[in-house]
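For reference, the structure is listed below as structure tokens.
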Amino acid sequence: MHRIGIFGSVGYNIGDEAIAVSAAHALLELDSELDIYISTLKKDVIEGKYVGLKEFYLNRSNLSGWKKLFDHIKSLDVIVLGGGTMVQDKLGISLLRGMIPYMYQITMIAKLLRKPVLTLPIGIDKLNTNMGKRMAKKLLKNIDSLVVRDENSSKYANVYSNNVKAYVSADPAFFLNHAPQKINTEKYVTVSLVNENLDKKAFMPAIKDTIQWLIDNTEYSIYLVPMDRREEEELELFRLLLKELDSEKIHIVDPSLNVYDISEILRNSELLIGMRLHAMILSLGFTNLIGISRTTKTENLLEEFNLPYFDINRGNIGSGELIALVEKCITGERNFDSRNVAAKLEYKSELYYSSIKRLRAI
């Protein structure tokens with residue numbers, strides 16, 4: 001039995017969890033005898049919530065945690081990095097802090113133990129620090145099979161490490177295979193926000209006014225969907241909205257739900273007003289979507305699928321503009337181009353399952 005360890009940022013970010021779980025289950029479809037461990041930054045996130053998957057709690061804050069990590073990697077046959085944006089320094093970087101150092105530490109232990117290192121389709125961003133660029137070069141050289149989620153990531157991989165060969169695939173969360181079922185009989189609109197050092201005035205007044213308009217003028221309930229489980233992230237914004245609007249039609253989705261339950265809620269909504277990348281990805285092809293972009297990766301997705309969106313880097317969202325677009329979507333005046341979406345997802349699917357088969361073949 002092959003033992004595979006997936007190392008990423010699973011624990012708080014539900015998008016990262018969707019990536020790891022989707023890829024792990026795709027591997028199990030190819031070989032049900034695989035023993036798959038997903039590393040987590042928080043306990044009790046994977047085991048018991050997902051059939052066939054095991055959890056390894058990763059703690060790098062003390063020597064005992066490092067020893068357990070070393071022993072865990074030693075017990076594995078294959079080390080897999082991903083998913084999400086693994087090569088980036090926008091959230092800070094030092095010798096021990098940041099995503100690149102974390103990934104580099106894992107690969108160094110793996111190489112010491114002569115274990116193959118592969119990646120899920122990961123994101124590689126433009127790096128802004130010399131330290132980030134130096135460490136990225138070392139990290140990429142330690143990877144035996146590099147799979148990236150888009151052409152831009154492939155381009156940056158070659159910038160940071162000249163001889164690296166990157167295989168372009170697609171984000172695993174696109175292919176979270178779970179047949180949607182109606183959660184309930186009510187009609188509702190979902191909202192996904194982000195609370196990461198953003199100017200809240202750029203979007204919160206418009207979101208608040210739009211929710212109030214929906215309450216006053218439609219039969220829809222509002223489901224606020226957290227894609228991060230930390231209280232200081234979007235849950236903080238959701239509680240503020242709940243307090244200010246004070247309506248029984250507004251509900252905060254339980255952040256402890258697994259990604260299948262959350263995807264079901266998103267996919268069965270009449271419309272998603274979304275900021276989180278993976279809230280959009282999980283909804284694509286199932287419901288109407290209005291995007292609020294704050295990063296290149298969200299803008300690229302929205303442009304690729306020809307979806308309506310607002311870019312808060314270019315100015316504040318007007319309440320009237322958002323309400324008008326929401327009204328068009330829920331009345332059917334504007335619907336997503338299902339044929340275009342289906343064609344693009346089919347192409348991504350071919351790339352993705354090809355990369356999963358490559359991973360299994362190692």
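Quick note: numbers below take in every heavy atom, side chains included, and nothing from hydrogens, waters or symmetry partners.
Atoms CG and CG, on L146 and L118 in that order, are 10.0 Å from each other to the nearest 0.5 Å. Within the model, atoms CD1 of I106 and CG of L58 stand 5.5 Å from one another, a figure rounded to the nearest 0.5 Å. Here the CE atom belonging to M99 is positioned 4.0 Å from the CE atom belonging to M86, to the nearest 0.5 angstrom. Distance CD/Q88 to CD1/I100: 7.0 Å, rounded to 0.5 Å. For the atom pair D44 CG and K49 NZ, the distance stands at 8.0 Å (nearest 0.5 Å). Here R149 contributes atom CZ and S169 contributes atom OG; the two are 11.5 Å apart, rounded to the nearest 0.5 Å.
At least one side-chain heavy atom of V164 sits under 4.5 Å from a side-chain heavy atom of N158. Looking at heavy atoms from C-beta onward, M280 lies in side-chain contact with L302 at the 4.5 angstrom threshold. With contacts defined as side-chain heavy-atom distances shorter than 4.5 Å, the pair L214/I330 qualifies. Residues L140 and I124 meet the side-chain proximity criterion, which asks for heavy atoms closer than 4.5 Å. With a 4.5 Å cut-off on side-chain heavy atoms, I215 and I250 count as touching. Contact check for N300 versus E303: no side-chain heavy atoms found under the 4.5 Å cut-off. With contacts defined as side-chain heavy-atom distances shorter than 4.5 Å, the pair R239/L235 qualifies. For the pair I207/L322, a side-chain contact is recorded, criterion being any heavy-atom separation below 4.5 Å from C-beta on.
Summarising the geometry of S293 relative to Y309, their closest heavy-atom pair is CB-CD1, 3.9 Å, with the distance given to 0.1 Å. The heavy-atom pair separating L198 from M275 by the smallest distance is CD1-CE, 3.8 Å. The nearest pair of heavy atoms linking D125 to Y156 is C-CD1, 3.8 Å. Here the closest non-hydrogen pair linking A136 and V87 is CB-CG1, 3.9 Å. Here the closest non-hydrogen pair linking E55 and V45 is OE1-N, 2.9 Å. Heavy atoms only, all atoms of each residue included: N313 and T295 are closest at ND2-N, 4.2 Å.
Cluster annotation: L345 and I281 are assigned to the same hydrophobic cluster (Ile/Leu/Val/Met/Phe/Trp/Tyr, side-chain heavy-atom contacts under 4.5 Å, transitive). A continuous path of Ile, Leu, Val, Met, Phe, Trp and Tyr side chains, each step under 4.5 Å between heavy atoms, connects I290 with F238, placing both in one hydrophobic cluster. Side-chain heavy atoms closer than 4.5 Å link hydrophobic residues (I, L, V, M, F, W, Y) into clusters, and following such links, even through other members, never connects L307 to V191. Following chains of ILVMFWY side-chain contacts shorter than 4.5 Å, one cannot reach L41 starting from I19, and the two form parts of different hydrophobic clusters. Under the 4.5 Å side-chain heavy-atom criterion for ILVMFWY residues, no single connected hydrophobic cluster contains both L266 and I273.
In this structure, K249 places its NZ atom where more than 12 heavy-atom neighbours from other residues, nucleotides or ligands lie under 6.0 Å away. Annotation for D71: atom CG counts as buried by contact number, over 12 foreign heavy atoms lying within 6.0 Å. Within 6.0 Å of atom NZ in K328, 12 or fewer heavy atoms from other residues, nucleotides or ligands are found, so the atom counts as exposed in its surroundings. Environment of NZ in K126: sparse, with no more than 12 heavy atoms of neighbouring residues, nucleotides or ligands closer than 6.0 Å. Heavy-atom neighbours of K201 NZ from other residues, nucleotides or ligands within 6.0 Å: at or below the threshold of 12.
The closest donor-acceptor contact from the side chain of T287 to the backbone of S269 lies under 3.5 Å. Listed for the D16 side chain is no donor-acceptor partner under 3.5 Å among the backbone atoms of V10. Formation of a donor-acceptor pair under 3.5 Å by the S22 side chain with backbone atoms of A173 is not found in this model. Proximity of a side-chain donor or acceptor of R230 to a complementary backbone N or O of Y12 within less than 3.5 Å is not detected. The backbone N or O of M227 sits less than 3.5 Å from a side-chain atom of E234, completing a donor-acceptor pair. Between the Y50 side chain and the V259 main chain, a donor and an acceptor come within less than 3.5 Å of each other. Between the side chain of K115 and the main chain of K74, a donor-acceptor pair closer than 3.5 Å is present. N142 places no side-chain N or O within donor-acceptor distance of the main-chain N or O of T107, the cut-off being under 3.5 Å. In this structure a side-chain-to-backbone donor-acceptor pair under 3.5 Å is missing from S39 to Y57. Judged purely by atom type and a 3.5 angstrom limit, N195 uses its side chain to pair as donor or acceptor with the backbone of E232.
L112 meets the side chain to side chain contact (heavy atoms under 4.5 Å, CB included) test with F70; sequence neighbours excluded.
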side-chain contact (heavy atoms from CB on, under 4.5 Å) between D150 and K297: does it pass, once the steps are laid out? CA-CA 10 Å; D150 51 46; K297 63 185 180 182; over 6 Å; no
Could you walk me through whether E233 and E196 satisfy the side-chain contact (heavy atoms from CB on, under 4.5 Å) test, starting with their C-alpha distance in whole Å, then the side-chain angles of each, then the deciding distance to 0.1 Å, before giving a yes or no? CA-CA 7 Å; E233 293 300 333; E196 294 175 352; 3.5 Å; yes
Begin from the C-alpha positions of S354 and Y167 and carry the test side-chain hydrogen bond (donor to acceptor under 3.5 Å, both in side chains) through to its verdict. CA-CA 10 Å; S354 176; Y167 178 83; 2.9 Å; yes
Stepwise side-chain hydrogen bond (donor to acceptor under 3.5 Å, both in side chains) test for H278 and N13: CA-CA 10 Å; H278 284 94; N13 188 296; 5.2 Å; no
Passes side-chain contact (heavy atoms from CB on, under 4.5 Å), I356 versus F175? Steps please. CA-CA 12 Å; I356 288 293; F175 311 105; over 6 Å; no
Please test L224 against I211 for side-chain contact (heavy atoms from CB on, under 4.5 Å), starting from the C-alpha separation and ending with a verdict. CA-CA 10 Å; L224 307 174; I211 292 175; 4.2 Å; yes
Given the rule in the side-chain hydrogen bond (donor to acceptor under 3.5 Å, both in side chains) test, do D216 and Q212 qualify, once you have shown the distances and angles that lead to the verdict? CA-CA 6 Å; D216 294 340; Q212 187 65 64; 3.1 Å; yes
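Classification of E299 and R314 as a salt-bridged pair holds, one side-chain N sitting under 4.0 Å from a carboxylate O. Comment: E304 engages K348 in a salt bridge, judged by a side-chain N to carboxylate O separation of less than 4.0 angstrom. Ionic pairing of D199 and R294 is not present here: no N-O contact between side-chain nitrogen and carboxylate oxygen is shorter than 4.0 angstrom.
Between Y37 and F56, the distance separating the two ring centers is not shorter than 6.0 angstrom.
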